Visitor: 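Sending over a structure as structure tokens; questions will come in a sec.
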Amino acid sequence: MARRNEELSLLLENIAKLLALKSESPFRIRAYEEAARSISAMAEDIEDLHRAGRLTDIAGVGSSIGAKLGEYLDTGRSSYYEGLKREVSVEAADLLDVPSIGPARAKLVHERLGISTVAELERAAREHRLQGLPGFGEKLEDRIAREAARVAQRTGRMLLGMALPAAEEVVRLLRDRPAVLEINPAGSIRRMKETIGDIDLLVASNRPGEVMDAFTTLPIAREVLARGPTRSSILTRDNLQIDLRVIKPDEYGSALQYFTGSKDHNIALRQVAINRGWKLSEYGLFDAAGKRLAGRTEEEVYRALGMDWMPPELRESRGELEAALGHQLPDLVALKAVRGDLHVHSDWSDGYDPPERMVEAAIARGYQYLALTDHSRSLGVAGGLSIERVRQQRRLVDQLNQRYAPFRVLHGTEVDILPSGDLDYPDDVLAQFDLVAASVHSAFGQPRERMTERILRALRNPYVAVLSHPTGRLLLRRPEYEVDVEAVLQAAAQQGVALEVDGQPDRLDLNDLWARRARDVGVLLVCNSDAHSARQLELVRYAVATARRGWVEPRTVLNTLPIKRLLAHLSRRGRKRRAA
DNA sequence: GCCGTTTTCGGCCCGACTGTTTTCAGTCG
């Protein structure tokens with residue numbers, strides 16, 4: 001099913017924005033914002049909670065917000081939101097997307113100048129019509145003009161797969177400078193969230209001036225947006241904004257913790273400190289007398305609060321604090337635990353590199369095995385393989401196995417699940433593959449029941465070992481298709497089919513929340529790159545990161561198995577299922 | 001608007017920066 005949590009979260013965020021424009025009580029506004037965050041972050045499906053009459057169990061949702069959510073879920077509308085929209089210009093809420101524009105300034109320009117859109121704001125700033133307003137000077141106006149122009153052309157959030165390499169590039173360029181003692185990405189990048197708003201870097205140094213000089217003069221810096229003693233921002237050639245902060249070495253741990261977030265995690269963590277009569281900030285952990293208890297390292301901060309240090313991927317306020325307090329954090333799957341990739345394409349279908357190069361790249365990564373899974377015949381646009389081509393490829397795979405032994409090449413297929421639920425090859429062809437992964441690439445618009453039955457039918461095929469990118473979403477472009485994922489999880493558990501966590505940055509499918517649910521249900525997962533070139537084998541890191549965000553441990557990840565045990569697993573379950 | 005092993009009222013994470021001011025409001029993370 002398409003989870004509606006984001007939709008409801010957005011509704012509350014929009015209400016919060018309109019309330020801000022009305023200069024409502026900041027606490028009321030924050031209540032809506034916090035409820036929105038809870039709903040977006042929680043693992044449960046909000047529709048399930050609503051059916052169970054448990055909406056007010058959600059942190060930050062009381063009777064009033066609960067009733068509004070209920071109304072929206074029942075009727076698809078919110079009379080409260082619609083009333084607000086009549087009262088306040090909805091477009092004006094977009095002004096809040098412009099940095100340096102908050103509720104007060106948005107309200108002011110809206111009421112005094114009738115400005116409702118970002119484009120109007122930009123024009124007004126360029127025509128110097130803002131300067132007369134109270135609190136607006138030349139510099140602010142200039143800044144608004146630039147920021148509004150950027151917002152007008154940008155798309156908002158970016159993929160982790162775009163943000164992380166940019167951040168790592170800056171880390172590489174700065175880490176060997178003498179003034180840089182430590183440097184890390186912080187924020188949602190460090191937590192490996194699937195999309196990123198801002199790229200934040202943290203540096204520990206006693207010589208901030210030198211660090212800022214180095215940062216603002218980097219060759220990749222196209223423009224310096226701000227330069228201060230502790231914080232600077234650049235715009236890269238790729239039009240990405242990167243913020244860098246310099247921290248005193250003694251405070252680096254608490255600062256890294258603080259700027260890594262998530263915000264919800266930090267609020268909850270501060271509460272743990274407060275409960276002990278202490279205070280936690282980015283400068284350290286302090287007792288009631290103001291004595292500093294911790295701050296040099298993150299480990300120190302968490303330990304002083306009675307917890308184990310936890311990987312950033314867990315810090316989403318989804319139970320990790322309780323687990324850390326009870327010393328029961330999961331042993332997360334790590335990239336180095338992956339022994340092979342079970343989903344890659346070669347130039348036989350829509351990949352870029354020939355099978356040999358894919359194999360060599362896999363060997364170079366230290367893998368024991370690789371499954372070539374080119375597309376099946378009906379996927380014409382992707383060069384899907386005819387049955388004859390499948391036979392030819394089998395011979396090539398046999399040769400590759402001789403040539404690269406003991407490395408093991410599995411002859412696989414990413415076979416299309418046709419709209420009927422039939423697979424794109426007959427069983428006698430499927431029987432000849434070492435590994436069959438099935439996936440949906442067509443008829444995305446099928447109604448929920450039909451799509452669900454289509455996928456369940458594919459899962460019942462005894463040759464199918466993996467379901468690839470199970471929900472079909474493309475981040476920032478296309479939502480998941482309508483499918484009862486819970487039913488798919490249950491069927492996969494029952495049939496012993498592994499569900500993929502696809503590492504393509506715009507897929508990350510299953511996502512972290514479904515991966516966690518899969519873990520809880522006892523479904524086997526597989527972290528794949530879905531590489532379409534040798535270079536893309538590295539995308540498996542995003543699959544692993546997504547699984548880690550889902551609390552997944554190595555024992556439930558198929559491709560952490562060494563080759564012998566993997567082959568044993570595939571043949572054992574194959575025999576059992578064909579017998580059944 | 002939410003919330004409660006101090007509570008059903010009175011708090012709500014907290015500090016820095018910027019630009020505008022001349023002591024502070026607004027914004028941000």
Side-chain angles (χ1 to χ4, degrees), chain A residues 12 15-39 55-69 80 84 95-109 130-144 146-147 186-191 196-202 208 225-233 241 243-248 251 254-286 317:
Chain A
L12 297 186
I15 290 175
K17 281 184 176 179
L18 294 179
L19 291 176
L21 287 179
K22 281 183 64 187
S23 307
E24 272 280 358
S25 148
F27 297 111
R28 173 177 292 178
I29 295 165
R30 190 190 300 168
Y32 279 93
E33 289 169 347
E34 283 175 359
R37 271 208 311 279
S38 286
I39 290 166
L55 283 176
T56 54
D57 285 4
I58 301 168
V61 175
S63 56
S64 170
I65 292 181
K68 291 174 180 110
L69 292 172
Y80 179 68
L84 275 178
L95 299 179
L96 297 172
D97 294 339
V98 179
S100 78
I101 297 288
R105 288 173 187 160
K107 185 171 181 329
L108 195 66
V109 298
L130 300 180
Q131 277 197 40
L133 299 172
F136 283 77
E138 194 177 338
K139 280 182 151 177
L140 183 60
E141 184 177 63
D142 192 47
R143 186 188 169 90
I144 289 172
R146 279 183 293 124
E147 299 281 20
S188 47
I189 289 194
R190 186 157 178 254
R191 303 199 313 277
I196 305 297
D198 299 300
I199 303 177
D200 294 315
L201 297 175
L202 245 52
L225 297 172
R227 189 190 192 288
T230 67
R231 181 166 175 257
S232 297
S233 300
Q241 182 178 334
D243 300 342
L244 180 137
R245 287 168 196 277
V246 179
I247 311 289
K248 292 190 198 123
E251 296 167 349
S254 42
L256 185 58
Q257 191 289 314
Y258 175 79
F259 287 110
T260 296
S262 67
K263 192 167 182 168
D264 286 345
H265 174 89
N266 286 354
I267 288 172
L269 193 65
R270 282 188 182 200
Q271 198 55 49
V272 173
I274 290 167
N275 291 346
R276 300 186 178 212
W278 299 343
K279 191 180 72 168
L280 176 65
S281 75
E282 57 264 51
Y283 300 103
L285 178 65
F286 302 91
S317 198

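Only a predicted model underlies this, so the values are computations on that prediction, with no experimental measurement involved. Labels below follow one simple rule: chain letters A, B, ... track the order of the sequence lines, proteins then strands, and each chain is numbered from 1.
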Visitor: Suppose you measure atom C1' in B:dC9 against the same atom in B:dC17; what distance do you get, rounded to whole Å?
Guide: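 One C1' to the other, the span is 35 Å.
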Visitor: Counting only Watson-Crick pairs (N1-N3 plus N6-O4 or O6-N4) and G-U wobbles (N1-O2, O6-N3), all under 3.5 Å, who is the partner of B:dC2?
Guide: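 Its partner is B:dG11.
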Visitor: If only atom types and distance count, is the side chain of A:Ser262 paired as donor or acceptor with the main-chain N or O of A:His265 below 3.5 Å?
Guide: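 Pair found, side chain donor or acceptor close to backbone of A:His265.
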Visitor: Reckon A:Pro103 touches a base, only the sugar-phosphate, or nothing at all at heavy-atom distances under 4.0 Å?
Guide: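 Result for A:Pro103 = sugar-phosphate.
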Visitor: Report which part of the nucleic acid A:Lys107 touches: base, sugar-phosphate, or nothing (heavy-atom distance under 4.0 Å, all strands).
Guide: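 Nothing: the residue A:Lys107, judged by heavy atoms under 4.0 Å, touches no strand.
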Visitor: What integer number of Å spans the C1' atoms of B:dA16 and B:dG10?
Guide: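 Result for the C1' pair: 28 Å, nearest Å.
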Visitor: Please enumerate all residues that pass side-chain hydrogen bond (donor to acceptor under 3.5 Å, both in side chains) together with A:Lys22, with sequence neighbours excluded.
Guide: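 A:Lys22 satisfies side-chain hydrogen bond (donor to acceptor under 3.5 Å, both in side chains) with A:Glu87 only.
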Visitor: Roughly how many Å apart are B:dC13 and B:dT20, using the C1' atom of each and rounding to a whole number?
Guide: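 Their C1' atoms lie roughly 26 Å apart.
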Visitor: Looking only at heavy atoms, what is the nearest atom pair of A:Pro208 and A:Pro229, with distance?
Guide: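 Minimum heavy-atom contact is CB-O, 3.4 Å.
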Visitor: What string of B, S and - do you get for nucleotides 9-18 of chain B 5' to 3' if you count protein non-hydrogen atoms under 4.0 Å?
Guide: ---BBSSSS-
Visitor: Just call it for A:Ile101: base, sugar-phosphate, or nothing, with non-hydrogen atoms closer than 4.0 Å on any strand.
Guide: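 Sugar-phosphate contact only.
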Visitor: Would you please name every residue forming a side chain to side chain contact (heavy atoms under 4.5 Å, CB included) with A:Arg231, sequence neighbours left out?
Guide: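 Side chain to side chain contact (heavy atoms under 4.5 Å, CB included) list for A:Arg231, sorted by chain: A:Ser233, A:Asp243, A:Arg245.
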Visitor: To the nearest angstrom, how far is A:Glu33 atom CD from B:dC2 atom P?
Guide: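 After rounding, the reported distance stands at 14 Å.
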Visitor: Would you tell me if any nitrogen or oxygen in the side chain of A:Ser64 comes within less than 4.0 Å of OP1 or OP2 on B:dG1?
Guide: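 It does, given that an N or O in the side chain of A:Ser64 lies less than 4.0 Å from OP1 or OP2 of B:dG1.
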Visitor: Who are the salt bridge (charged side-chain N to carboxylate O under 4.0 Å, His left out) partners of A:Arg28, not counting sequence neighbours?
Guide: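 By the salt bridge (charged side-chain N to carboxylate O under 4.0 Å, His left out) rule, A:Arg28 matches A:Glu24.
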Visitor: Residues two or more places apart in sequence or in another chain: which of them pass side-chain hydrogen bond (donor to acceptor under 3.5 Å, both in side chains) with A:Glu34?
Guide: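 Result, side-chain hydrogen bond (donor to acceptor under 3.5 Å, both in side chains) vs A:Glu34: none returned.
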Visitor: Can you tell me how far C1' in B:dT5 sits from the matching atom in B:dG1, rounded to whole Å?
Guide: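 Here B:dT5 and B:dG1 have their C1' atoms 24 Å from each other.
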Visitor: If I pick the P atom on B:dT6 and the same atom on B:dC2, what distance separates them, to the nearest angstrom?
Guide: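 Comparing P positions in B:dC2 and B:dT6 gives a spacing of 23 Å.
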Visitor: List, one per line, each side-chain donor-acceptor pair under 3.5 Å for residues 268-275 of chain A, sequence neighbours excluded.
Guide:
{"unit_1": "A:Arg270", "atom_1": "NE", "unit_2": "A:Leu280", "atom_2": "O", "d": "3.2"}
{"unit_1": "A:Gln271", "atom_1": "NE2", "unit_2": "A:Asn275", "atom_2": "OD1", "d": "3.3"}
{"unit_1": "A:Asn275", "atom_1": "ND2", "unit_2": "A:Gln271", "atom_2": "O", "d": "3.4"}

